[in-house]
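A quick write-up on the structure given underneath.
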Amino acid sequence: MRITNIEGRLNLLTDDGFADVAGLSRGRFGPGVQDVYRVWEDFRDWARSYEGGDADGATRPDAAIGSPAPRPRQVFAIGLNYRDHAREANLPVPEQPPVFTKFPTSLTGPFGKLVLPSEHVDWEIELVAVVGRLAKRVPAEDGWAHIAGLSIGQDYSERRVQLAGPAPQFSLGKSFPGFGPIGPWLVTPDEFADPDDLELECAIDGESVQKGRTSSMIFGVPELVARLSAVTPLLPGDVIFTGTPAGVGGARRPRRFLKPGESVRSAIEGLGWMSQTCVAAE
Ligand code: ZN
């Protein structure tokens, strides 16, 4: 099952196009998107029984598509979760996942402008997992059962702010407005032959800069659910940015950061793609 956010309204994405959930369900679910995670299992059962026929077949402008989890109560993000990225950062492979947050005002939809607050903004394509069931001290083998679905994210990072001061400021440096695009769809784990092994690729103006597979994560999605929920309950609709593979600009020599006019395209197998066009701050 695939859902999306069209101008703030929950939609099913069917083979025939978009279908507005509030209308289809006669108000039982929707019209808002974030609240559906509070009743995720009821919604999933209802959506599975949907037989189609109500989609209008029309396309939608990219600007109409919002994040499939637009207002999470908690946002978790994981650092150094791919060995090749830890290596390029000259840091040891972590024994515990480094965790930070992206403040909610940084979250946005999958298409649009990325305003560059400085000349030190970096890209990080990431698989995003959205929580579909309250998770408290969940063992890893039950991790996937607590995930509603997967989407594409970018963990845009202002490296100067992130690394300034006596201790790194991961949460701040990664939370400028627009630094957390998510989308274009949320896809349930059962749609994938293997949800633990998806190819992801980030390209700038058509040049591939990151390419990897989520099977290379040090802590996979179920393990992250276990590690995070051992400390903090994961709430329905919460978002987890799961870390980025090698190829970020700050690890290149010379360093490379995003410039006005450049376009960043992020794609993950089975999840589609999203893009942002960089513009200078006014
Ligand atoms: Zn990241």
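Counting convention: from 1, in listed order, for ligands and their atoms alike.
Heavy-atom contacts from other residues, nucleotides or ligands closer than 6.0 Å to CZ of R71 number 12 or fewer.
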Verify ring-ring contact (aromatic ring centres under 6.0 Å, His included) between W123 and Y156, making sure each step is shown before the conclusion. CA-CA 5 Å; W123 55 86; Y156 286 118; 8.9 Å; no

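Here the options are D196, N81, D197, the test is side chain to side chain contact (heavy atoms under 4.5 Å, CB included), and the partner is M217; only N81 passes.
W40 and F29 have their aromatic ring centers separated by at least 6.0 angstrom.
E124 contributes OE1 as its N, O or S atom closest to the Zn ion (ligand 1). Looking only at its N/O/S atoms, E126 has OE2 as the one nearest to the Zn ion (ligand 1). For D155, the N/O/S atom at the shortest distance from the Zn ion (ligand 1) is named OD2.
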